[in-house]
Amino acid sequence: MEAPTVETPSDPAPPSASASAPAPAPAPVPLRAPDVARLREEQEKVVTNCQEKIQHWKKVDNDYNALRERLSTLPDKLSYNIMVPFGPFAFMPGKLVHTNEVTVLLGDNWFAKCSAKQAVGLVEHRKEHVRKTIEDLRKVMKNFESRVEFTEDLQKMSDAAGDIVDIREEIKCDFEFKAKHRIAHKPHSKPKTSDTFEADIANDMKSKDLLADKELWARLEELERQEELLGELDSKPDTVIANGEDTTSSEEEKEDHNTNVNVMHQVTDSHTPASCHTDVASSEPFSGRLNSQLNCSVNGSSSYHSDDDDDDDDDNGDDDDVDDDDDGDNGHEILGVGDNSIPTIYFSHTVEPKRVRINTGKNTTLKFSEKKEEAKRKRKNSTGSGHSAQELPTIRTPADIYRAFVDVVNGEYVPRKSILKSRSRENSVCSDTSESSAAEFDERRGILRSISCEEATCSDTSESILEEEPQENHQKKLLPLSGTLEAFSGTVIEKEFVSPSLTPHPAIAHPALPTIPERKEVLLEASEETGKRVSKFKASRLQQKN
Amino acid sequence: MAELIQKKLQGEVEKYQQLQKDLSKSMSGRQKLEAQLTENNIVKEELALLDGSNVVFKLLGPVLVKQELGEARATVGKRLDYITAEIFLRTIPDLEDVPDLFC
């Protein structure tokens with residue numbers, strides 16, 4: 001038996017009730033155009049209602065102001081000669097006496113005889129109340145205005161093609177991603193076409209404002225996703241942490257940024273440059289948690305960090321993950337509407353959040369904080385700069401990588417058991433707990449950066465994602481000072497780029513720090529004025545040849 | 001069979017409408033009480049601003065009856081309590097009834 005649909009006219013309840021009705025409910029209720037239209041009407045009604053009330057209260061406020069003026073001037077004279085109103089049509093000359101005595105209506109049939117000044121005090125008290133009411137009304141109005149906007153979008157969507165919505169994302173080339181997690185790339189797998197988004201403008205309605213809004217939505221979605229994903233990544237190795245470094249691309253990363261596909265991580269992931277070569281070449285930025293303007297078509301495989309960092313098959317993006325993220329992120333534009341349909345949602349990525357939660361592999365989840373990273377780096381640089389400058393071994397084979405990961409214990413070099421796992425929190429990228437860890441990590445990263453050479457690591461520092469913090473300048477300067485072209489340290493972001501000279505080092509980034517070099521790689525590639533896209537591995541191989 | 005269902009439906013619709021009416025009635029009553037509550041609050045605050053030199057009157061019909069300040073304050077306070085109690089009494093059972101009856 002169906003429940004009867006009786007529409008109630010009562011005002012405050014329906015707007016909120018109807019507002020919640022089309023919201024993404026667990027039971028998928030198809031969005032009907034008339035429903036959405038009605039919702040919009042209701043919301044607009046509320047908005048206009050609020051506006052009227054605000055007008056009314058403003059008038060009241062003005063009246064009180066006038067009254068106050070009158071009260072202040074009234075006791076100036078002992079008596080005034082006035083025309084006293086006699087009924088609705090007549091006046092009579094008379095005198096206004098006892099000018100200081102005012103009988104004030106306090107409300108609810110209560111009166112009080114006061115002096116003029118006391119009356120002014122009462123007026124002030126009332127004005128305060130009026131002001132509060134106006135404030136509340138304004139808040140409500142704002143709230144509903146945003147709701148109306150949203151409903152408008154919803155309406156457009158539903159108008160266009162019923163229940164399905166097309167989500168389109170303008171993607172420009174050369175954008176930069178900060179990959180939070182890597183997706184295990186299957187070797188030689190092609191990126192899914194669904195990952196590529198077309199820049200398209202279907203509706204004339206899509207204005208820049210809409211895009212901006214969408215960016216915000218996209219960003220919110222991505223942030224949420226990051227949170228979720230971080231929660232899911234409970235058993236990640238440190239490689240993820242390193243990847244997370246890249247994601248520290250600041251929240252302030254703007255769309256203008258040269259966003260480059262973070263190909264580096266592929267290099268770091270792969271143990272053999274050759275394997276990740278092909279897909280790296282495409283080096284597409286992956287959507288999902290990346291918050292930069294997508295310039296290129298998204299090729300999720302290439303630079304997507306995933307939980308499968310441990311895999312040797314990291315070369316190619318794991319499209320599934322990418323898809324999920326993409327869909328999730330991109331689909332965030334409109335609630336509850338599927339993709340692949342006619343009404344178009346314009347989606348653009350925004351800046352990534354700064355904070356990344358990464359599991360260090362010892363049942364700890366550290367929060368990656370860029371500020372702490374900077375602090376670490378500063379400390380590291382201040383203390384161990386000389387040390388880091390020395391250790392820049394050339395890496396030609398995977399074994400070199402392991403050699404780089406050597407712990408200094410009691411003055412002796414002790415090979416670390418696993419380069420994937422942080423020895424302790426000290427060396428983790430995440431700077432959650434200890435200050436020292438930050439410092440050490442910075443140092444280590446500095447080393448690794450130099451180690452992990454990609455074809456364009458030199459300019460990585462410059463390519464790094466832009467962060468507005470001044471600390472970055474430190475980083476920038478320190479890296480070039482090291483003398484070698486270092487891989488990008490995830491947190492440093494710059495827009496301008498140093499001349500992209502290729503490093504002599506082979507382009508094998510340390511897998512433990514995937515994100516740092518990768519992002520740099522991506523950045524470098526994007527920044528290269530040649531505009532030529534060469535995969536990291538290819539470049540490194542070329543270098544090696546040279 | 002169809003008629004049975006229709007009758008049932010009819011009954012349900014009527015019940016629902018009745019509930020809606022009750023709801024709106026209690027809503028308006030609640031609004032009135034809320035308005036009185038705010039007004040009496042203002043009066044209370046303004047009486048607090050006055051001092052003993054002011055004469056306080058109460059309007060009873062066409063007559064302004066002189067009251068004492070202390071007395072006025074007490075009266076207003078009592079009225080406030082009464083209104084709050086009314087709101088409390090009248091609102092809660094109504095809110096609870098509607099969802100129950102709806103199922």
Side-chain angles (χ1 to χ4, degrees), chain A residues 1-18 20-21 49 53 56-57 60-61 64 67-68 71 75 98 100-137, chain B residues 2 4-21 23-28 30-31 35-51 53-61 63-67 69 71-73 75-76 79-80 83 98 102-103:
Chain A
M1 179 163 69
E2 295 176 358
T5 55
V6 176
E7 295 187 352
T8 58
S10 59
D11 204 7
S16 43
S18 53
S20 54
N49 193 18
K53 284 191 188 157
H56 169 258
W57 284 106
V60 170
D61 194 48
Y64 273 124
L67 179 63
R68 192 156 40 116
L71 283 173
H98 295 295
N100 202 31
E101 295 173 22
V102 183
T103 306
V104 179
L105 170 68
L106 303 175
D108 194 25
N109 291 340
W110 287 98
F111 288 83
K113 221 173 192 163
C114 320
S115 75
K117 285 209 177 136
Q118 284 170 332
V120 168
L122 287 172
V123 165
E124 290 292 323
H125 174 255
R126 287 193 199 169
K127 269 181 56 157
E128 189 59 35
H129 185 259
V130 167
R131 195 184 56 79
K132 254 191 248 166
T133 316
I134 290 182
E135 277 304 310
D136 289 344
L137 282 172
Chain B
L4 254 179
I5 294 177
Q6 202 154 6
K7 275 191 201 154
K8 264 197 198 173
L9 203 68
Q10 203 66 25
E12 292 297 322
V13 168
E14 280 164 9
K15 264 197 235 168
Y16 184 82
Q17 280 171 342
Q18 191 59 38
L19 280 174
Q20 288 279 334
K21 278 191 209 140
L23 188 69
S24 54
K25 257 193 239 162
S26 34
M27 286 272 295
S28 56
R30 171 79 188 265
Q31 275 168 356
Q36 283 180 351
L37 184 74
T38 36
E39 191 176 6
N40 275 281
N41 268 322
I42 291 183
V43 173
K44 185 166 177 198
E45 287 164 15
E46 290 183 354
L47 279 175
L49 286 174
L50 297 174
D51 58 18
S53 64
N54 307 110
V55 191
V56 179
F57 300 92
K58 189 172 169 83
L59 184 68
L60 296 173
V63 178
L64 272 180
V65 178
K66 193 163 163 181
Q67 299 271 331
L69 185 61
E71 207 180 313
R73 283 182 183 157
T75 315
V76 172
R79 185 150 168 79
L80 261 178
I83 292 173
V98 175
F102 232 128
C103 300

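Since the structure is predicted, the reported quantities are computational estimates derived from the model, not experimental observations.
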**Complete:** Nearest heavy-atom contact between A112(A) and L50(B) is CB-CD1, 3.4 Å
**Rounded distance [0.5 Å steps], CD in E46(B) versus NE2 in H125(A)** = 6.0 Å
**Prompt:** Under 4.5 Å, heavy atom to heavy atom, which residues of residues 128-137 of chain A contact chain B?
**Reply:** H129(A)
**Item:** CD/E124(A): more than 12 non-hydrogen atoms of other groups inside 6.0 Å
**Value:** yes
**Request:** Looking only at non-hydrogen atoms, find the nearest pair between L47(B) and L106(A) and report the distance.
**Result:** CD2-CD1, 3.5 Å
**Request:** Measure the shortest side-chain to side-chain distance between L122(A) and L49(B) over non-hydrogen atoms and say whether it is less than 4.5 angstrom.
**Result:** yes
**Message:** If I measure from the heavy atoms of chain A, does Q36(B) come under 4.5 Å with its side chain, its backbone, both, or neither?
**Reply:** neither
**Request:** Can you tell me which residue pairs pass the salt bridge (Lys or Arg N to Asp or Glu O under 4.0 Å) test with a partner in residues 100-115 of chain A, sequence neighbours excluded?
**Result:** D108(A)-R79(B)
**Prompt:** In this structure, are over 12 heavy atoms from other groups packed under 6.0 Å from H56(A) atom NE2?
**Reply:** no
**Message:** With a sphere of 6.0 Å drawn around NZ of K53(A), does it hold more than 12 non-hydrogen atoms of other residues, nucleotides or ligands?
**Reply:** no
**Prompt:** Going from OG1 on T103(A) to CG on L64(B), what distance comes out if it is rounded to the nearest 0.5 angstrom?
**Reply:** 7.5 Å
**Item:** V55(B) and F111(A), any side-chain heavy atoms less than 4.5 Å apart
**Value:** no
**Prompt:** Is it the side chain or the backbone of I42(B) that comes within 4.5 Å of chain A heavy atoms, both, or neither?
**Reply:** both
**Message:** Contact between W110(A) and Q67(B) at the side-chain level, heavy atoms closer than 4.5 Å - yes or no?
**Reply:** yes
**Item:** Nearest heavy atoms of Q118(A) and S53(B), plus distance in Å
**Value:** NE2-OG, 4.3 Å
